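The block underneath contains the structure these notes are about, expressed in structure tokens.
Index from 1, following the sequence. In this text the structure is predicted, and so the values were computed from the model without any measurement.
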Amino acid sequence: MYKRSVFPFPCPPKPSLVLQFFCGSFCLSLGALLGCSLLSSCTFRIRPEKAYFDGSITTPKHENAWRVARRFDSELSRDQNTNRFFVAEFAQDGQPKVSQQLITAVEQIKEFNPKTVLLYIHGWHNDSSPDCGEAKKKDMNDLDGLVHRMVEAKMGRVLAIYVAWRGESLDGLLKWGTLTGRRRVARKIGESPYLQNFLGDVAEAGKQQGSNVIFAGHSLGGVLLEKSATLMIEKTKPGKEQRLPHLFLLANSAELSFVSKEQMDRVNKSEIVNCQPENTRLLAPRILAVTSSKDLANMFLQPLNNYLLHPFATLSYVRHELFVNSMGFDRSTRSHDVQKTVEQQPQRPVSDCDLKALQFKLSLAPTLDPAFWVPNKDHRLTKYRIVPRPDGVRTPGFWNIKSPGSISLNHNDVYDDKFLAAGVSWFRMLNHNYADLPDTLPEMLAGLKKELRTHPPGSPGYKEDRRLHRTQWTMGAALRMPYNKTTFGLLLGELENSDAEIIDELDTARTGPADYAAIVRSHRVHLFAILKYTYSAHAVWDSSPDLLARLRALMEKEPLRDALARAGAAESGKDFESDKNLNSFYKFLRKHAIRTP
């Protein structure tokens, strides 16, 4: 009998012997059943480590030839004029299973001359087995369907390469506990010089043909690709970038955040990213990691899997790895935020078919503004913009963002039209190699001035689309400009000389009568719209008293203060309580005793 001072309530009655026997038997039976199922899964359902495709053709080696795409009979898009599909299989030690697969894929790039080369690395629970059930087939099926949609969206000839590895080691219940082990295998394959050489050969062959080269990895495939990309970028010397793709895209990557943070630092310190500290080239990442806000697998399954495998982990392991999510859910590693703008296209709701066509049209347009469009429930497109985090590190080589859940509804939702259209936008706005778009700040500013001289406000050629064009260029310069003394000095020099240059070079014969004051004011507003995003570059401003003195002198002039006030109007509206960037810039100015509007 417990004493009342220890246990103040009466003891519950003991259960009967029959009930105790029944509960005990039930627990023992359930434990035995689970134990037998787990043991049988572990013992008799190990996925084989073998090659499923030969190297000369793209069909499986065995008799029951598997049809990947619904519209093709025997081969994976091999005989089509619009696209081709190849498989490259790698073993767990990183060596190719069939060397001829790699040779054939590279040779076909040179022969086929595609517009786009898409190399894709699958994730957990997948491989290249043709007879491993619908769940396994679905990944390669979806990729082939994605290639067809790229062609239908007028993206030109596409050559796709499916990089296969043993993402599934066990069948049955035990497969859900293999995440940590498969992640280690993915890292090991990513470190393989065989894989890195193959990736370099693919990128080089594609660039020689003038193709857009994109390497994408999903989930654990993102882990594999992130490791390879980091090593390849580290080893690449300035001017020797022919063996790198235009973009490494990591979709819902399952890498642990502290590992990605280390690799992010290595990429941002590499020679090709930091070869010119005072350069004026617009920033474009080598690696873009995109995680959906609805990626529940990375949000919950990853920490749970680590805990189940290590229930008695040490305190240091708990702190460093046990309850760690992927980098998409770690704010300390996120380099950019995604902000919704006030623009919606179209203004009126349209059908799903028209909306899809419009989304692809906007995605395929050459753009400098880091933005993309997402369908809404009311059949409209909302524009989102990728903005550097004010409290984050400005990372020139490795961008990490968390995308709206409307793009990707779950961890595996990376094959539909919404994600494809957003991916096209990401690639086009970050690619350096568009001849019709400037890629340095001086060229960008020259283009803005030329646009103002050609279509000044109030002229017959000044229409809404021209205004949006200038806004796109302005935001491209603001959000992708390198934060250094050289670029800040360029902006201040433009403000100091804006009057004479715009008026002297204005082509009045072409534009007709124009309000010179309105032209000069518009130019200044564009410059301040770029400059207001620099408030977070404290290290640059604080170490440059000469730049602060020039800015202080400029802000003593009433017309310039008025232009700064107008620079926030473009981002004011019902979706914004205020222009946060402008307010932060005001705070920055007041800190340095500079007048504000």
Under the side chain to side chain donor-acceptor pair (under 3.5 Å) rule, what do Arg184 and Gln92 come out as? Steps first, then yes or no, please.
CA-CA 10 Å; Arg184 294 194 188 102; Gln92 294 191 137; over 6 Å; no
When you look at Arg243 and Asp201, which way does the salt bridge (Lys or Arg N to Asp or Glu O under 4.0 Å) test go after all the steps?
CA-CA 7 Å; Arg243 292 181 62 81; Asp201 290 343; 3.0 Å; yes
Report the C-alpha separation of Val163 and His122 in whole Å, then their side-chain angles, then the decisive distance to 0.1 Å, and conclude whether the side chain to side chain contact (heavy atoms under 4.5 Å, CB included) test is met.
CA-CA 7 Å; Val163 175; His122 66 75; over 6 Å; no
Intermediate values then yes/no, side chain to side chain donor-acceptor pair (under 3.5 Å), Ser219 and His411:
CA-CA 8 Å; Ser219 188; His411 179 71; 2.9 Å; yes
Go through Gln95 and Ser192 one step at a time and tell me if the side chain to side chain donor-acceptor pair (under 3.5 Å) criterion holds.
CA-CA 7 Å; Gln95 297 193 42; Ser192 165; over 6 Å; no
CA sep, side-chain torsions, deciding dist, call: Arg84, Glu111, salt bridge (Lys or Arg N to Asp or Glu O under 4.0 Å):
CA-CA 11 Å; Arg84 294 187 182 180; Glu111 175 187 320; 3.6 Å; yes
Let me see the working for Asp417 and Gln359 under side chain to side chain contact (heavy atoms under 4.5 Å, CB included), right down to the final yes or no.
CA-CA 9 Å; Asp417 294 302; Gln359 187 186 15; 5.5 Å; no
What do the steps show when you test Phe198 against Ile161 for side chain to side chain contact (heavy atoms under 4.5 Å, CB included), and what is the final call?
CA-CA 11 Å; Phe198 173 62; Ile161 302 173; 4.1 Å; yes
Test Glu234 against Val267 for side chain to side chain contact (heavy atoms under 4.5 Å, CB included), laying out the working first.
CA-CA 7 Å; Glu234 276 189 321; Val267 169; over 6 Å; no
Would Lys235 and Gln196 count as a side chain to side chain donor-acceptor pair (under 3.5 Å) if you check the C-alpha gap in whole Å, the side-chain angles of each, and the deciding distance to 0.1 Å?
CA-CA 11 Å; Lys235 293 186 294 186; Gln196 292 173 39; 2.8 Å; yes
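Counted within 6.0 Å of NZ on Lys356, heavy atoms from surrounding residues, nucleotides or ligands total 12 or fewer; the atom is thus considered open.
In summary, Asp265 and Lys261 engage in a salt bridge, as defined by a charged side-chain N under 4.0 Å from a carboxylate O. Between Glu255 and Lys227 there is no salt bridge, since no side-chain nitrogen of the basic residue lies less than 4.0 Å from a carboxylate oxygen of the acidic one. A salt bridge is defined here as a Lys NZ or Arg NE, NH1 or NH2 lying under 4.0 Å from an Asp or Glu carboxylate O, and Asp369 with Arg385 meets this definition.
With Phe398 as the aromatic partner, Arg286 does not meet the cation-pi criteria of under 6.0 angstrom to the ring centre and within 45 degrees of the ring axis.
Residues Val158 and Lys115 are not in side-chain contact: their nearest non-hydrogen atoms beyond the backbone lie 4.5 Å or more apart. Side-chain contact between Phe329 and Thr291 is present, with heavy atoms from C-beta onward closer than 4.5 Å. Side-chain contact check for Ile233 versus Arg266: every heavy-atom pair is 4.5 Å or farther apart. Under the 4.5 Å side-chain criterion, counting only non-hydrogen atoms from C-beta, Val338 is not in contact with Lys402. Residues Asn279 and Pro482 have side chains in contact (heavy-atom distance under 4.5 Å, counting atoms from C-beta outward). Between Tyr384 and Pro370 there is no side-chain heavy-atom pair separated by less than 4.5 Å. Between Leu224 and Trp165, some side-chain heavy-atom pair lies under the 4.5 Å cut-off. In this structure, Phe85 and Tyr162 have side chains that are in contact, with non-hydrogen atoms separated by less than 4.5 Å.
Heavy-atom minimum distance, Arg334 versus Ile401: CG-CA, 4.2 Å. Nearest heavy-atom pair across Val87 and Ala164 is CG1-CB, 4.5 Å. Shown here for Ala216 and Leu225, the closest heavy-atom pair between the two residues is C-CD2, 3.6 Å. Minimum interatomic distance between Ile272 and Pro238 (heavy atoms only, all atoms of both residues): CG2-N, 3.7 Å.
Applying side chain to side chain donor-acceptor pair (under 3.5 Å) to Glu89 and the options Gln101, Lys97, Arg166 leaves one that passes, Gln101.
Looking at Ser326, its side chain never comes within 3.5 Å of a backbone N or O of Leu256 through a donor-acceptor pair. Proximity of a side-chain donor or acceptor of Ser363 to a complementary backbone N or O of Ala421 within less than 3.5 Å is detected. Put simply, the side chain of Asn400 gets close to the backbone of Met327: a donor and an acceptor are under 3.5 Å apart. A donor-acceptor pair under 3.5 Å is absent between the side-chain atoms of Ser260 and the main chain of Ser257, judged by distance alone. Counting only distance, with no hydrogens or angles, the side chain of Lys207 and the backbone of Leu244 share a donor-acceptor pair below 3.5 Å. Ser253 places no side-chain N or O within 3.5 Å of a backbone atom of Leu250 that could act as its donor or acceptor partner. Side chain of Ser408 to main chain of Asn410: a donor-acceptor pair is present (N/O by atom type, distance under 3.5 Å, no hydrogens or angles). Judged by distance alone, with hydrogens and angles left aside, the side-chain atoms of Arg281 form no donor-acceptor pair with the main-chain N or O of Thr440 at under 3.5 Å. Under the 3.5 Å distance criterion, the side-chain polar atoms of Asn126 are matched with a main-chain donor or acceptor of Trp124. Formation of a donor-acceptor pair under 3.5 Å by the His125 side chain with backbone atoms of Glu168 is not found in this model.
Side-chain rings of Trp426 and Phe419 approach one another, their centers coming within less than 6.0 Å.
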